[in-house]
Structures are given as structure tokens and as C-alpha cells.
Amino acid sequence: MAHEPLTQAEVLLEGFLAMDTPEGFRAELIEGEIVVTPPPDGDHEDYISLVLKQVLRKSRIDMDFSGNKGLKLRSGRGCPKNHAIPDGTFAPTERRLFRGAAPWMPCEGVALVVEVTSTKPQADREAKRRCYARGGIPLYLLIDRDDSSVTLFSDPEGDDYRQHLTIPYGKPLPLPEPFAFDLETGDFGRGAPTGRSVGMAR
């Protein structure tokens with residue numbers, strides 16, 4: 001039987017899924033581009049730990065966490081589905097989203113994704129923000145080490161979030177339901193490589 005020829009998007013997706021990424025590296029398919037990221041530095045992981053400990057202690061409802069979960073997200077402009085791996089993914093414990101999930105799982109039910117800027121900060125600020133908005137993920141927390149700032153994007157619609165709140169390190173950032181607590185950022189600037197003082201605005 002004759003088969004329909006694969007589209008360019010299908011060829012790209014098949015090639016991406018067949019990639020053999022070096023150990024510790026992270027490969028994502030973002031807006032039609034394969035992005036390979038090296039293992040994170042220690043400061044990067046420290047920021048994730050600071051967020052995780054507060055969520056586990058203070059969140060109004062219990063949350064499960066994954067630091068390496070592949071998410072399949074809607075795409076735009078004829079690109080194959082986006083395949084993103086957030087630095088942190090939170091989902092309500094009662095939903096048990098991670099139990100039995102495939103390596104690349106749908107994003108329905110995810111409450112919050114977290115990114116800490118590293119080697120490709122522009123991707124976190126723009127392309128991945130659009131990916132998460134298209135997927136309908138309600139909250140996206142971006143810790144921008146270059147700017148010494150933390151931004152919470154909320155209210156996704158279409159290709160972007162309709163609201164965002166940016167604060168400098170040192171100020172509390174209100175997280176809405178289902179978290180319902182103020183994220184403390186006073187420790188974010190300590191030991192950061194930017195050389196900027198805690199609490200200083202851009």
C-alpha cells in the first residue's frame with residue numbers, strides 16, 4: 001500500500017523523538033526548533049529548591065513536583081506539537097498526574113511550571129512562555145537571573161498570558177489559588193552570579 005508522504009513537521013517530530021541525547025542534557029522541541037540544554041549549574045538548582053520547599057510547606061493544597069517531566073503542548077504556525085521540559089512542574093497531589101504518565105505527557109491538570117534562566121534566557125522569556133500559554137497552563141513562574149527578577153504569568157489566552165507581575169529579588173510574590181501564599185524571594189539573590197544587590201530593581 002502507498003503511504004502519504006510525511007509532512008516537514010512530522011519528519012521533524014520523528015527525528016526529535018528518535019534523538020539520543022547525551023546523559024544529563026535536555027532536548028526540547030520548541031516552536032519547530034530542537035533545543036538542547038546542558039546540565040544546569042548549582043545556582044540554577046538552588047533556585048528550584050527554594051521554590052519547591054516553600055510550595056511544599058505553604059501551599060493551600062498538597063502538590064506533587066517533577067523536575068524533569070516532558071510535556072506535550074499545542075503549537076502554532078504549522079509546527080509539530082511542542083515538547084517542553086520545565087525546570088519544575090507542579091500538579092495537585094489528588095490528581096496523581098505523574099503516576100503512570102508517559103515520558104511526554106499532556107499538560108492538562110498542571111497547576112504551575114517554573115523556569116530558571118540559564119544558557120538560553122530568551123527562550124524562557126518568550127518561546128517557552130508562548131508554549132505554556134498555548135497549553136493552557138494557568139501559571140508560569142520565571143526566575144530571571146540576568147535581571148534579578150521573578151515574574152508570574154497568569155490567565156493564558158491563545159499564544160500568551162494576559163497578566164504578569166514582575167518583582168525584584170527580595171520582595172514577596174503572591175501566588176494565587178490553588179497555592180494561595182506569598183513566595184519569599186529574599187534568598188534568591190544570595191550567591192547569584194549577576195553581582196546585583198538583593199532587592200534592586202532593573
Side-chain angles (χ1 to χ4, degrees), residues 1-45 47-48 51-52 63-91 95-146 151 153-154 156-161 164:
M1 285 181 63
H3 293 279
E4 289 290 326
L6 293 175
T7 66
Q8 187 175 352
E10 289 169 334
V11 171
L12 178 60
L13 179 58
E14 285 198 2
F16 167 74
L17 293 175
M19 281 182 64
D20 186 14
T21 310
E23 185 176 356
F25 282 70
R26 176 179 295 186
E28 301 171 285
L29 182 58
I30 306 295
E31 296 190 336
E33 179 184 356
I34 295 174
V35 179
V36 179
T37 308
D41 59 35
D43 285 345
H44 180 284
E45 297 303 275
Y47 282 84
I48 296 297
V51 173
L52 173 60
M63 288 284 169
D64 286 341
F65 172 81
S66 174
N68 201 35
K69 191 71 205 80
L71 300 179
K72 287 195 290 189
L73 306 144
R74 287 193 296 274
S75 62
R77 303 194 308 273
C79 296
K81 271 194 173 182
N82 290 306
H83 287 63
I85 305 174
D87 291 328
T89 301
F90 289 93
R95 302 199 64 156
R96 303 304 294 271
L97 282 191
F98 304 131
R99 174 69 64 89
W104 296 100
M105 76 174 197
C107 59
E108 287 75 20
V110 170
L112 169 75
V113 290
V114 183
E115 296 285 1
V116 178
T117 57
S118 52
T119 55
K120 299 190 178 183
Q122 213 54 34
D124 294 326
R125 296 171 188 146
E126 297 181 10
K128 295 190 84 170
R129 187 191 78 226
R130 292 191 293 268
C131 287
Y132 298 142
R134 287 191 198 106
I137 294 175
L139 299 170
Y140 170 34
L141 184 71
L142 173 63
I143 300 171
D144 196 318
R145 294 196 283 176
D146 294 331
T151 300
F153 297 93
S154 59
E157 183 176 281
D159 290 345
D160 211 342
Y161 288 91
H164 72 273

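Heavy atoms only: backbone and side chains are in, while hydrogens, waters and symmetry mates are out. Quick caveat, the model's predicted, so the values are computed rather than measured.
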What is the distance from atom [atom1] of [X] to atom [atom2] of [Y], rounded to the nearest 0.5 Å?
| X | Y | atom1 | atom2 | result |
| --- | --- | --- | --- | --- |
| Asp124 | Asp144 | CG | CG | 8.0 Å |
| Asp160 | Arg130 | CG | CZ | 7.5 Å |
| Cys107 | Leu97 | SG | CG | 10.0 Å |
| Leu13 | Ile34 | CG | CD1 | 9.0 Å |
| Leu141 | Ser154 | CG | OG | 11.0 Å |
| Leu29 | Lys81 | CG | NZ | 12.0 Å |

Tyr140 vs Tyr132 aromatic rings, parallel, tilted or perpendicular, using cut-offs 30° and 60°?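 It falls in the perpendicular class, over 60°.
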
Which residues share a ring pair (Phe, Tyr, Trp, His ring centres under 6.0 Å) with Phe16, sequence neighbours left out: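 Per chain and number, Phe16 pairs via ring pair (Phe, Tyr, Trp, His ring centres under 6.0 Å) with His83, Trp104.
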
Could you tell me whether a side-chain N or O of [X] sits under 3.5 Å from a main-chain N or O of [Y], the two making a donor and an acceptor?
| X | Y | answer |
| --- | --- | --- |
| Glu28 | Ile85 | yes |
| Ser75 | Pro80 | yes |
| Lys69 | Gly88 | no |

Which atoms form the tightest heavy-atom contact between [X] and [Y], and what is the distance?
| X | Y | result |
| --- | --- | --- |
| Pro39 | Gly24 | CG-O, 3.5 Å |
| Leu73 | Gly135 | CD2-CA, 4.0 Å |
| Pro156 | Pro138 | CD-O, 3.8 Å |
| Phe98 | Thr89 | CZ-O, 3.8 Å |
| Gly109 | Ala91 | O-CB, 4.0 Å |

Quick check: do [X] and [Y] have side-chain heavy atoms less than 4.5 Å from each other?
| X | Y | result |
| --- | --- | --- |
| Phe153 | Ile137 | no |
| Val51 | Val116 | no |
| Leu139 | Phe90 | no |
| Val36 | Met19 | yes |
| His44 | Arg145 | yes |
| Tyr47 | Thr117 | no |
| Pro86 | Glu115 | yes |
| Met105 | Leu71 | yes |

Glu45 CD: over 12 foreign heavy atoms closer than 6.0 Å: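 Yes - once you tally the heavy atoms of other residues, nucleotides and ligands closer than 6.0 Å, there are more than 12.
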
Can Asp87 and Arg26 be counted as an ion pair, charged N to O under 4.0 angstrom?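 So Asp87 pairs with Arg26 through a salt bridge.
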
Can you list everything that forms a salt bridge (Lys or Arg N to Asp or Glu O under 4.0 Å) with Arg134? Sequence neighbours excluded, please.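 Partners of Arg134 under the salt bridge (Lys or Arg N to Asp or Glu O under 4.0 Å) test: Glu31, Asp159.
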
Counterpart residues, side chain to side chain donor-acceptor pair (under 3.5 Å), relative to Gln122 (two or more places apart):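 By the side chain to side chain donor-acceptor pair (under 3.5 Å) rule, Gln122 matches Arg125, Glu126.
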
